[in-house]
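This report concerns only the one structure given below.
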Amino acid sequence: MLQVAESLNRLPKDTDIAVLPELFSTGFLPDRDLVADQAETITGPTVDALRRWAAFFNLAICGSFLCRVGDAYYNRGFFIEPSGEETFYDKHHLFNLSREADLLSKGQQRVPVIRYRGWNVSFIICYDLRFPTWDRNNDLKYDLMLVPANWPSTRRLAWDALSAARAIENQAYWVGANRSGRDDYGEYPVDMTVIYDYLGQPIAKGTSRDAVIAEFERKEMDAFRDKFPIWRDND
């Protein structure tokens, strides 16, 4: 948690949104007892810290954490705004090649869309990326999709191809915030954190453990959407 606070402190002062990796505070826990021990409610210390950071740094923070609701556990995404507004989303597609699908409960709500500083922002979590109908930007409801992830380099081709494809087909900026380091499932190179524009072109990529930073152009995106309105033909 201290490392996250230090990273936020190094961001440019006019930063609007910071995106953290999936399960940023615990990583994946393959054991039921560990899950029970580490999971928190939305009034626990992790979300309390996120609220303080959002207010102090005057930015929104997106990511996911291990959440407990009664006797159930969720990979819960969050979008915490400096104003105090909060949006939560429980990961819908649980990765069945790990124990995630055995240990956690599946979220049922649809992908959220938040109006924030003149942009419509949405977010999904990692494996949700593989399911285009789940992520579909019907009627251009969102301008920016945030994807906290824990995606190993062994499946890098899929990560790169699907991220670019989702940006292209949804005509939206796409931010893939992947973890770094390594665990039992593989390695996570820093350059797998990538930001794509609405054309599917990478515009920023990780080069170190420092933050990946990009600026988005709303007028250019809107002009392209008007010029090439494929969104009107979505099923």
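- At a cut-off of 3.5 Å, with distance as the only test, a side-chain donor of Asn150 or Tyr188 sits close to an acceptor on the other residue.
- By the 4.0 Å N-to-carboxylate-O rule, Asp191 lies too far from Lys205 to be salt-bridged with it.
- The side-chain hydrogen bond (donor to acceptor under 3.5 Å, both in side chains) check on Ser180 picks up Arg209, with sequence neighbours excluded.
- Atom CG of Leu157 is surrounded by 12 or fewer heavy atoms from other residues, nucleotides or ligands within 6.0 Å.
- Here the side chains of Ser25 and Leu23 are not in contact, with every heavy-atom distance at 4.5 Å or above.
- Defined by atom type and a distance below 3.5 Å, a donor-acceptor pair is present between the side-chain atoms of Asn75 and Ser64.
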Side chains of residues 140-149: which donor-acceptor partners sit under 3.5 Å, not counting sequence neighbours?
residue, atom, partner, partner atom, Å
Tyr142, OH, Asp135, O, 2.7
Tyr142, OH, Asn170, ND2, 3.4
Asp143, OD1, Arg225, NH1, 2.8
Asp143, OD2, Asn120, N, 2.9
Asp143, OD2, Arg218, NH1, 3.3

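- Using the six-membered ring where Trp is involved, Phe79 and Tyr116 have ring planes that are perpendicular, over 60° apart on the 30 and 60° scheme.
- Between Trp134 and His92, the two ring planes are parallel [angle under 30°; tilted spans 30° to 60°].
- Looking at Asp222 and Lys219, no side-chain N of the basic residue comes within less than 4.0 Å of a carboxylate O on the acidic one, giving no salt bridge.
- By the 6.0 Å contact criterion, CG on Asp71 is open, its count of non-hydrogen atoms from other residues, nucleotides or ligands being 12 or less.
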Going through the checks in order, is the ring pair (Phe, Tyr, Trp, His ring centres under 6.0 Å) test met by Phe224 and Tyr198?
-> CA-CA 9 Å; Phe224 177 74; Tyr198 47 88; 5.7 Å; yes
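- Judged by distance alone, with hydrogens and angles left aside, the side-chain atoms of Ser163 form no donor-acceptor pair with the main-chain N or O of Asp160 at under 3.5 Å.
- One finds a salt bridge joining Asp210 and Arg10 here, because a Lys/Arg side-chain nitrogen approaches an Asp/Glu carboxylate oxygen to under 4.0 Å.
- Glu40 and Thr46 share a donor-acceptor pair across their side chains, judged by distance under 3.5 Å alone.
- The shortest distance between side-chain heavy atoms of Val19 and Phe123 does not fall below 4.5 Å.
- Ring geometry for Trp159 against Trp151 counts as tilted: the plane angle lies between 30° and 60°, on a 0 to 90° scale.
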